[in-house]
Amino acid sequence: MKLLRKWVRRNLIALQGKVVPIKMASWYINQPGIHSRLCLTNLESINDPTGFQDVPLTVTLFDPQGKRIAQQEHTLQRNHTWGLELNTLADQTHGLVQVALKTDLVRSLRFYMHWYGSDFITSTHEKYSDPLLKPQRPVYYTLHRYSLNTTLKFSLIISNLGLIAYRTRLGLINDTGAVCFSNSITIAPRATLWLDPADYFPQAATFLAGGDGTIYLENRIGTPMVYYAVEDQSQRWQIQHL
């Protein structure tokens with residue numbers, strides 16, 4: 001049975017773009033002061049000028065509970081760039097956006113997300129969102145810094161890209177190497193959790209003893225998409241995927 005599962009997985013991956021669309025995803029947010037824009041380019045290569053064609057694609061938005069709320073079909077022409085303001089598709093505060101590309105080669109088609117306001121912009125590329133590509137052994141998503149600095153608001157965004165519920169927990173490490181854990185967290189398929197670490201570590205001030213710490217997400221061979229966001233007092237954001 002194990003060999004059969006490996007064979008099925010290997011052959012399904014080989015069919016991506018031919019029968020199974022290549023899927024990519026990101027986190028979107030639309031609220032006063034910050035909006036989301038999806039940008040995608042289909043550029044030919046001087047090494048393969050005849051192999052590039054127009055690419056049909058589907059953009060799907062999910063709400064925080066994982067319910068599909070909007071979908072749009074589009075064809076990105078060869079050597080064209082496309083930008084989509086996600087607030088035109090749905091009036092939701094945040095959630096998961098997924099792009100399915102009907103092509104067998106990615107090339108330049110990895111899309112970028114822009115999160116922007118009146119005087120700032122922050123950006124990163126997508127994450128692959130195919131459940132078949134989940135890791136084969138446990139890995140950890142580590143946030144480089146966590147501070148109780150009151151001038152900055154730290155957020156962690158976790159989307160479940162899988163087809164079943166995803167269970168995990170957070171770990172907080174202080175400067176002595178000690179670790180404390182949050183309670184278990186469960187996220188439904190296609191759902192997104194936008195959380196404040198302070199809600200999961202009410203004892204953080206004592207545990208960190210005035211210093212900074214590190215937060216990590218304990219990934220139990222699931223398919224999470226993880227983002228880290230920092231908002232300052234001027235409501236400027238920095239967002240980065242892990």
statement: Heavy-atom closest pair (Ala90 atom, Ala70 atom, distance to 0.1 Å) is CB-CB, 4.2 Å

query: Should the pair Lys153-Asp196 be classified as a salt bridge under the 4.0 Å nitrogen-to-oxygen rule?
result: yes

- request: Flag the pair Ile185 / Leu193 as yes when at least one side-chain heavy-atom distance between them is below 4.5 Å, and no otherwise.
  value: yes

query: Do Pro21 and Leu101 have side-chain heavy atoms sitting under 4.5 Å apart?
result: no

task: Kindly give the heavy-atom pair with the smallest separation between His74 and Leu76, and that separation in Å.
output: CD2-N, 3.8 Å

message: Does the plane of the ring in Trp194 sit parallel, tilted or perpendicular to the ring in His94? Use 30° and 60° as the thresholds.
response: perpendicular

message: Applying a strict under-4.5 Å side-chain criterion to I, L, V, M, F, W and Y, I'd like to know whether Phe201 and Val230 cluster together.
response: yes

- line: For Pro189 and Gly162 the tightest heavy-atom approach is CB-O, 3.5 Å

query: Cut-off 3.5 Å, side chains only: do Tyr227 and Ser26 have a donor facing an acceptor?
result: yes

message: Quick one, Arg78 with Glu44, criterion salt bridge (charged side-chain N to carboxylate O under 4.0 Å, His left out). Give me CA distance, side-chain angles, the key distance, then yes/no.
response: CA-CA 7 Å; Arg78 177 177 172 175; Glu44 69 180 39; 2.8 Å; yes

Rounded distance (nearest 0.5 Å) linking atom CG of Leu170 with atom CD1 of Ile215: 6.5 Å

query: Between Ile158 and Leu195, does a side chain to side chain contact (heavy atoms under 4.5 Å, CB included) hold up when you go through it step by step?
result: CA-CA 8 Å; Ile158 311 168; Leu195 61 88; 4.1 Å; yes

- prompt: Sub-3.5 Å donor-acceptor pair from the side chain of Ser36 to the main-chain atoms of Ile29, do we have one?
  reply: yes

- prompt: Heavy-atom distance under 4.5 Å between the side chains of Thr186 and Tyr166, does that happen here?
  reply: no

field: Intermediate values then yes/no, side chain to side chain contact (heavy atoms under 4.5 Å, CB included), Leu109 and Thr103
entry: CA-CA 10 Å; Leu109 290 166; Thr103 179; 3.8 Å; yes

- line: In this structure, CD1 of Ile121 is separated from CH2 of Trp237 (nearest 0.5 Å) by 15.0 Å

query: Just wondering, are more than 12 heavy atoms of other shown residues or ligands nearer than 6.0 Å to CD in Gln72?
result: yes

message: Strictly distance-based, threshold 3.5 Å: is any side-chain N or O of Asn174 a donor or acceptor partner for the main-chain N or O of Asp212?
response: no

- prompt: Relative to each other, are the rings of Tyr216 and Phe181 parallel, tilted or perpendicular (30° and 60° limits)?
  reply: perpendicular

field: Over 12 foreign heavy atoms within 6.0 Å of CD, Gln71
entry: yes

- line: Heavy-atom closest pair (Ala229 atom, Ile157 atom, distance to 0.1 Å) is CB-CD1, 3.9 Å

Ring centres under 6.0 angstrom apart (Phe154, Tyr146): yes

task: Calculate, to the nearest 0.5 Å, the distance between atoms CG and CG belonging to Leu61 and Asp91 respectively.
output: 11.5 Å

query: Is it the case that more than 12 heavy atoms not belonging to Asn183 sit under 6.0 Å from its CG atom?
result: no

- prompt: How long is the span from the CD atom in Glu231 to the CZ atom in Phe120, to the nearest 0.5 Å?
  reply: 8.0 Å

message: Donor-acceptor pair, distance only, cut-off 3.5 Å: does the side chain of Ser108 make one with the backbone of Thr41?
response: yes

- request: Walk me through it: do Leu40 and Leu57 pass the test side chain to side chain contact (heavy atoms under 4.5 Å, CB included)?
  value: CA-CA 11 Å; Leu40 186 62; Leu57 59 91; 3.5 Å; yes

task: Group every Ile, Leu, Val, Met, Phe, Trp and Tyr by side-chain heavy-atom contacts under 4.5 Å, then state whether Leu161 and Ile69 land in the same group.
output: yes

- prompt: With hydrophobic residues grouped by side-chain heavy-atom distances under 4.5 Å, do Leu89 and Tyr112 end up in a single group?
  reply: no

- prompt: What residues form a side-chain hydrogen bond (donor to acceptor under 3.5 Å, both in side chains) with Glu73, not counting sequence neighbours?
  reply: Thr58

query: Heavy-atom distance under 4.5 Å between the side chains of Tyr28 and Gln92, does that happen here?
result: yes

field: Co-membership, hydrophobic cluster, residues Ile187 and Leu242, 4.5 Å side-chain
entry: yes

field: Minimum side-chain heavy-atom gap Asp232-Thr151 below 4.5 Å
entry: no

task: Could you tell me which non-hydrogen atom of Met113 sits nearest to which non-hydrogen atom of Ser123, and how far apart they are?
output: O-OG, 2.9 Å

- request: Go through Met24 and Lys127 one step at a time and tell me if the side chain to side chain contact (heavy atoms under 4.5 Å, CB included) criterion holds.
  value: CA-CA 6 Å; Met24 302 176 181; Lys127 298 281 282 186; over 6 Å; no

- request: Measure up the His241 and His125 rings against each other and bin them: parallel (under 30°), tilted (30 to 60°), perpendicular (over 60°).
  value: perpendicular

- prompt: Nearest heavy-atom pair of Asp54 and Asn42: which atoms, and what distance?
  reply: CA-ND2, 4.2 Å

- prompt: Do other residues, nucleotides or ligands put more than 12 heavy atoms under 6.0 Å from the CD1 atom of Ile164?
  reply: no

- prompt: Hey, is OH on Tyr116 packed in by over 12 heavy atoms from elsewhere, all under 6.0 Å?
  reply: yes

message: Main chain of Thr75, side chain of Trp82: is a donor-acceptor contact present, judged purely on distance under 3.5 Å?
response: no

task: Compare all side-chain heavy atoms of Val97 with those of Phe62 and state whether any distance is below 4.5 angstrom.
output: no

message: Please tell me whether Phe207 and Leu217 are part of a single hydrophobic cluster in this structure, the criterion being side-chain heavy atoms less than 4.5 Å apart.
response: yes

message: Quick check against the 3.5 Å criterion: does Arg190 have a side-chain atom that pairs as donor or acceptor with the backbone of Lys67?
response: no

message: With rounding to the nearest 0.5 angstrom, report the OG1 to CD distance, Thr122 to Gln240.
response: 8.5 Å

message: Could you measure the distance from the SG atom of Cys39 to the CD atom of Glu126? Nearest 0.5 Å is fine.
response: 13.0 Å

